[in-house]
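Predicted, not measured: the structure shown is a model, and the values here were computed from it.
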Amino acid sequence: MSVQSNTKSTLMKKSLSSSWPIILGIVLIALTMRSPLTSVGPLVGSIRESLGLSNTVAGLLTTLPLLAFSLLSPFTPILARRFGVERMMLYALLLLMAGIAIRSLGATVPLMAGTVVLGLAIAVCNVLIPSLVKRDLSHNVGLMTGVYSVSMNLFGAIASGVSIPLAHNLGFGWTGALGIWGALVLLAALFWFPQARASHASARATTSAASSRQSLWRSPLAWMITLFMGMQSLIFYVLIAWLPEMMTSRGLSENSAGWMLSLFQIAALPVSFIVPIVAGRMKNQRLLVFIMTILLFVSLGGLYFGGNAFISLWTILLGIGGGGAFSLAMIFLSLRTQDAHDAASLSGMSQSVGYLLAATGPTLFGLFHDITASWNFPLLLLLVVTALLFISGLSASKSHTI
């Protein structure tokens, strides 16, 4: 047993040391995948007033990227086989820069159009990162899932926290506060340029394997993972869009509400790193699903029934539960598949259908708020979504592969 353990440890260290360009590239992309989205929530009030938007229309700023995810995700594995994974990553980063620039022009049409463009770009990265991890870091799936999960959440939290100071205190306005994240994308693109040129052939050969297998769309387990992805995404993006507005409705300042959104995401950081590592060593992940669901129920119930005395506690527990759910969704894509091809296919399927489900959230919840003039009914709906998350999570935790 000790010989096997030592051999596995040696393989893991060798894999990590020889794959540092892929590891660094994944981290750089992860830094760009949430900051363009989470920077919007705290600025919704300013954008709405500046352009004269309703809550329902403002909800499209979060819904449109999710629709873009859903549209492009099932085709991304096909594009990766055609052009290579690394080259597709570079193309996605260039498209992301264009989307950020268009969105920051300061008018309604460019705002919506740029949001769609950047959503298409992020969709490619969302789908292909699990495939890259499965292909090049198969001995370190849990660790690398934790690394890119925490990277995404860290810069998502930073973007939420600094949006208001950038817009108001430093005078960037909401356009500058949204546009500044293009610099981070440029850094990632500069790194991926040589990777795309050097690795096109090998990436194409690796990703094209196993094309004759049965379609994942016929697999009950794949559908449970897809539902789990959709429910955790719906919870996250509803909160990204409306948590600051929920907080200001309770009397918090706009700046404080923005930092509460950051607290929600910062609380997710430790579990985003730890949960994939722990999950990768477990026969099944049902205990983790149970703990995560309890935290979500308690925190959402606290926001519904409680006043402002424990609002920070509910926000922290919400972040921990949501971060755990996201990390489980990501590692399911690797744990429940046999190779990089299946990982990309499952990622494309789960994110296509899952984000289509999630896309209904921000606009629908904004509409319910407009109708009821309260956040109570939307919070009750989130409790229902959490119940569906629990049911699908138990099924997705089965120990076999698709």
Side-chain angles (χ1 to χ4, degrees), residues 29 31-73 75-76 91-127 152 155-156 159-160 162-164 166-167 172-186 188-189 233-234 236-245 258 261 351-352 354-367:
I29 288 181
L31 299 183
T32 70
M33 287 170 62
R34 275 197 173 168
S35 49
L37 303 177
T38 59
S39 57
V40 174
L43 297 171
V44 164
S46 299
I47 296 171
R48 188 180 56 220
E49 292 176 10
S50 173
L51 300 178
L53 307 178
S54 67
N55 276 330
T56 304
V57 174
L60 288 173
L61 295 176
T62 305
T63 300
L64 287 174
L66 302 182
L67 292 174
F69 294 170
S70 179
L71 175 66
L72 190 56
S73 290
F75 302 106
T76 297
Y91 293 162
L93 290 168
L94 296 176
L95 190 65
L96 181 55
M97 278 195 293
I100 291 173
I102 294 169
R103 185 179 66 171
S104 303
L105 293 178
T108 302
V109 173
L111 176 67
M112 299 301 177
T115 298
V116 171
V117 171
L118 66 86
L120 293 171
I122 295 173
V124 174
C125 301
N126 277 337
V127 171
M152 289 173 61
F155 269 72
S160 297
V162 303
S163 288
I164 294 299
L166 284 173
F172 280 45
W174 65 263
T175 56
L178 293 181
I180 197 171
W181 301 105
L184 192 62
V185 181
L186 176 61
S233 297
L234 192 153
F236 176 79
Y237 285 103
V238 165
L239 293 173
I240 287 297
W242 298 120
L243 187 61
E245 292 287 302
L261 183 59
Q351 297 193 53
S352 174
Y355 284 125
L356 183 61
L357 292 173
T360 63
T363 301
L364 191 61
F365 279 62
L367 176 62

**Q** Return the minimal non-hydrogen interatomic distance between Ser73 and Ser352, and the atom names on each side.
**A**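 Heavy-atom minimum between the residues: CB-N, 3.7 Å.
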**Q** Within a strict 4.5 Å, meaning less than it, do heavy atoms of the Phe236 and Arg34 side chains meet?
**A**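 A side-chain contact exists here, since the closest heavy-atom pair is under 4.5 Å.
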**Q** Listed by chain and number, what are the ring pair (Phe, Tyr, Trp, His ring centres under 6.0 Å) partners of Phe69, not counting sequence neighbours?
**A**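 Ring pair (Phe, Tyr, Trp, His ring centres under 6.0 Å) check on Phe69 returns Tyr355.
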**Q** For the atom pair CE (Met112) and CG (Leu53), what is the distance rounded to the nearest 0.5 Å?
**A**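 Going from CE on Met112 over to CG on Leu53, the span is 5.5 Å.
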**Q** Would you please test Leu51 and Leu111 for side-chain contact (heavy atoms from CB on, under 4.5 Å) and show each step?
**A** CA-CA 10 Å; Leu51 300 178; Leu111 176 67; 3.6 Å; yes
**Q** Spell out, as yes or no, whether a donor-acceptor pair under 3.5 Å connects the side chain of Ser50 to the backbone of Ser46.
**A**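 Looks like no, no N/O pair under 3.5 Å.
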**Q** What is the distance from atom OG of Ser160 to atom CD1 of Ile240, rounded to the nearest 0.5 Å?
**A**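 Interatomic distance, Ser160 OG to Ile240 CD1, rounded to 0.5 Å: 5.0 Å.
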**Q** As a quick check of understanding, evaluate side-chain contact (heavy atoms from CB on, under 4.5 Å) for Leu66 and Leu356, giving each step before the final call.
**A** CA-CA 7 Å; Leu66 302 182; Leu356 183 61; over 6 Å; no
**Q** Taking only residues two or more places apart in sequence or in another chain, which ones pass side chain to side chain contact (heavy atoms under 4.5 Å, CB included) with Thr360?
**A**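 Scan of Thr360 (side chain to side chain contact (heavy atoms under 4.5 Å, CB included), adjacent residues dropped) gives Leu234.
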**Q** Testing the basics here: between Ala68 and Gly119, what is the closest heavy-atom pair and its distance to 0.1 Å?
**A**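 In this case the closest contact between Ala68 and Gly119 is CB-C, 3.6 Å.
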**Q** Tell me, please, which residues at least two apart from Ala159 pass side chain to side chain contact (heavy atoms under 4.5 Å, CB included).
**A**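 By the side chain to side chain contact (heavy atoms under 4.5 Å, CB included) rule, Ala159 matches Ser35, Thr38, Ser39, Trp181.
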**Q** What distance separates Arg103 CZ from Thr175 OG1, expressed to the nearest 0.5 Å?
**A**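 Taking CZ in Arg103 and OG1 in Thr175, the distance rounds to 11.0 Å.
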**Q** Can you measure from CD1 (Ile29) to CG (Leu93) and round to the nearest 0.5 angstrom?
**A**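 The CG atom of Leu93 is 5.0 Å from CD1 of Ile29, to the nearest 0.5 Å.
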